Q: 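For reference, the structure I am asking about is given below.
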Number of protein chains: 2
Amino acid sequence: MTGTPARRRRAGELESAIRVAVLDELHERGYPGLTFEGVARRAGTSKPVLYRRYPTRAAMAIDAFVSSRVATPPADFAGPLREDLVALISGMLMRVGADGVATFRGVIGEVDDATVARVGALVMSQVEGWLGGILDRAREAGELGPTPAPARVVRAIVALMRNEVLFVFGAGQAPDVEGIVDDVIVPLLRATTASPR
Amino acid sequence: MTGTPARRRRAGELESAIRVAVLDELHERGYPGLTFEGVARRAGTSKPVLYRRYPTRAAMAIDAFVSSRVATPPADFAGPLREDLVALISGMLMRVGADGVATFRGVIGEVDDATVARVGALVMSQVEGWLGGILDRAREAGELGPTPAPARVVRAIVALMRNEVLFVFGAGQAPDVEGIVDDVIVPLLRATTASPR
DNA sequence: GGCGATAAGGTACGGTACGTATCGTATCTA
DNA sequence: TAGATACGATACGTACCGTACCTTATCGCC
C-alpha cells in the first residue's frame, strides 16, 4: 500500500460518494465518457467495489439518477386544465434536465429490450400518475366530457412528452410546451372524453 | 506482406463491402458491439481505410443504414383515412426493422445534439411527406374538416410513430397500430380539422 | 507507353478501458 | 474476542481506439 493508511467508509457513505461521482462524471464527460475507472478514481475507490454493485455502467447511471430525484409534484394542480398540463410538462423538463436527457439517450442505446421498457416507464410512471389526477379533476370540474380518457390517449400524451424531452429539449431546441398543449393535447382530450355520440 | 498479393477493389466495390460488413456486424453484435476493427476484419480491409471515410462509428452506421433503404411508399394511399394511416405506420415499422431500431437508439446515445436532430428528421422526413399526402386526400374526400391540420398536429403524429418505434416495437412488444390510429390519431385529426367554431 | 499523384492495403504503436483475480486488513456482527 | 464481510489496492490479459508509417496497385496525363 502507498501513502494513505486505508481509511474505510461505512454505512451509506461509500454509496453516496459513488453516486455523486457518477453524476459528476456524467455532467463533465457525458454518458459516452462514463467509465468504471473514472468513477472509481473520482469516488476514491476501486473498480472491484463498483463491479460488486453494478453489472454495467448503464445500471450505475440509472441508480445514480434515480437516487438523485425526489418525486415531488411540480405544482398542486388545481388550476384550469391547460395550466395544469403546461405546469406538468414544464416541470418534467426541468426535473429531467440536460444531463438526464443525455444519460437517458445513452442508456437506452446499450441496454436490452426489457431494460428499455423499464427505463422508459421509470422516467414516466410518476408523470402518468399526476396526469391521471389532472384529468380526473378536469372532468369533475366540467372541463372535459364525462367519459374518462381512454388509456391509449393517456399513453399517447406521455409519448408526446417523452418525444419533447428526447428530441426537442434534448436536441438543444426550446420546447414548445404551450403550443403542444393548446394545439394538440387539449383538443385530443376534448375529442376523446365527449359523451358517447 | 503476407498471403494475398494485395488485390485492390475499385469503384464502389470497397464501399459496398464496407456497408455490408457494417450491417452484418450490427445484426450479429448490435450497435454496442460495432467496432472499427470488427468492420475492417469483416470487410477484408483495414482501419485506416475506414477512418478515411467515417469520423465515428455512428457515422458509419448511419451511412450503411441509409444506403440500404430505398424510399418507396408502403402503399398507394387511396383508401379510407384509417386504412392509409395503418398502412403508413405498419410500413414504417417494417422498413426500420429490429436492427434499425437498435441502431437508432445506439446512435442517438453518443452523437451531439445537432446530429440527434438530423437523425431524428432523417428517419421521419419521408414519413412526414407521405402523411401530408394522406391528409390532403382525406380532406378532399370529405373525411376531415376543411381546415388543414396544424403543423403541430402533424408533428405530434410523427412523434407518436417515433415513440412506437423506439419504446414499443423496439422494446420487444407488439405495436398496437390499429388501436392508436382509431383511439388517438383519427380523433385528433377530426378535432383539429373541423371548420372554425 | 511510361510517370507521377492518389489512395488502398498492411503493420505497428501508445493509450485507455474492460472485466477479473488476488491479497491484506479495517470494520461490523455475534 | 473470533469470524465473516467486503473495502481498498494492485495487477493482468484482452480489446479497441486513433494515428503514424510504409508499400504498392491503380488512375490520369503527357
Side-chain angles (χ1 to χ4, degrees), chain A residues 1-22 24-26 28-64 103 106-107 109-112 115, chain B residues 1-22 24-26 28-64 103 106-107 109-112 115:
Chain A
M1 63 251 44
T2 23
T4 332
R7 261 249 316 290
R8 199 165 290 187
R9 285 168 283 197
R10 11 178 187 170
E13 197 185 332
L14 178 60
E15 275 78 8
S16 279
I18 291 173
R19 291 198 187 102
V20 169
V22 170
D24 286 351
E25 288 279 300
L26 281 173
E28 279 184 22
R29 317 201 185 229
Y31 185 78
L34 182 73
T35 69
F36 278 89
E37 302 209 330
V39 172
R41 253 195 312 273
R42 188 185 281 261
T45 182
S46 62
K47 284 193 294 172
V49 171
L50 298 179
Y51 278 105
R52 270 174 217 134
R53 289 173 168 70
Y54 307 110
T56 63
R57 60 196 206 113
M60 201 159 64
I62 292 171
D63 176 66
T103 303
V107 165
E110 64 184 31
V111 298
D112 58 279
T115 309
Chain B
M1 62 245 58
T2 25
T4 332
R7 261 253 316 289
R8 198 165 290 187
R9 288 166 280 198
R10 13 179 185 170
E13 197 186 331
L14 177 61
E15 276 77 9
S16 279
I18 291 173
R19 291 197 187 104
V20 169
V22 171
D24 287 350
E25 288 279 300
L26 281 174
E28 279 185 22
R29 317 200 184 226
Y31 186 78
L34 182 74
T35 69
F36 279 88
E37 303 210 330
V39 172
R41 253 195 312 273
R42 188 185 281 261
T45 182
S46 61
K47 285 194 293 173
V49 171
L50 297 179
Y51 277 106
R52 267 173 219 135
R53 290 173 167 71
Y54 307 111
T56 62
R57 60 195 206 114
M60 203 159 63
I62 292 171
D63 176 66
T103 303
V107 166
E110 66 184 32
V111 299
D112 58 279
T115 310

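The structure displayed is predicted, hence computed values, not measured ones. Protein chains get the first letters and strands the later ones, always in sequence-line order, with residue 1 at the start of each.
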Q: Over how many whole Å does the gap from A:E25 atom CD to C:dT16 atom C1' extend?
A: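 That distance rounds to 14 Å.
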Q: Identify which nucleotide among D:dA9, D:dA20, C:dA8 has an atom closest to any side-chain atom of B:P48, counting heavy atoms from C-beta outward.
A: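 For B:P48, the side-chain atoms sit closest to D:dA20.
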Q: For the pair made of CE in B:M60 and P in D:dG18, what is the distance, rounded to whole Å?
A: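 One finds 10 Å between P of D:dG18 and CE of B:M60, rounded.
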Q: Starting at OG1 of B:T56, measure out to CD of B:E110 and round the result to the nearest 0.5 Å.
A: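 B:T56 OG1 to B:E110 CD: 7.0 Å, rounded to 0.5 Å.
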Q: How close do A:V22 and A:L34 get, counting heavy atoms only, and between which atoms?
A: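 The answer is O-CD1, 4.1 Å.
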Q: Think A:R52 has a side-chain N or O under 4.0 angstrom from the OP1 or OP2 of D:dG8?
A: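 Indeed not, no polar side-chain atom of A:R52 lies that close.
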Q: Show your working on side-chain hydrogen bond (donor to acceptor under 3.5 Å, both in side chains) between B:E25 and B:Y31 and close with a plain yes or no.
A: CA-CA 8 Å; B:E25 288 279 300; B:Y31 186 78; over 6 Å; no
Q: So which protein nitrogen or oxygen atoms get under 3.5 Å of nucleotides 17-19 of chain C's nitrogens or oxygens?
A:
residue, atom, partner, partner atom, Å
C:dC18, OP1, A:F36, N, 3.2
C:dC18, OP2, A:F36, N, 3.1
C:dC18, OP2, A:E37, N, 3.2
C:dG19, OP2, A:Y51, OH, 2.9
C:dG19, N7, A:K47, NZ, 2.9
C:dG19, O6, A:K47, NZ, 2.6

Q: Does the pair B:I18 and B:Y54 meet the rule for a side-chain contact (heavy atoms from CB on, under 4.5 Å), with working shown?
A: CA-CA 11 Å; B:I18 291 173; B:Y54 307 111; 4.2 Å; yes
Q: Measure from OH on A:Y54 to P on C:dT20 and round the result to the nearest Å.
A: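 A:Y54 atom OH is separated from C:dT20 atom P by 17 Å.
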Q: Is atom CZ of B:R53 surrounded by more than 12 heavy atoms (other residues, nucleotides or ligands) closer than 6.0 Å?
A: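 More than 12 heavy atoms, drawn from other residues, nucleotides or ligands, come within 6.0 Å of this atom.
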Q: Ring of A:F36, cation from A:R41 - is the NZ or CZ under 6.0 Å from the centre and inside 45° of the axis?
A: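 Checked: cation-pi criterion not met.
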Q: With a 4.0 Å limit, can you tell me whether B:T45 has a side-chain N or O closer than that to the phosphate oxygens OP1/OP2 of C:dG9?
A: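 So the side-chain polar atoms of B:T45 do come within 4.0 Å of the phosphate oxygens OP1 or OP2 of C:dG9, strictly under.
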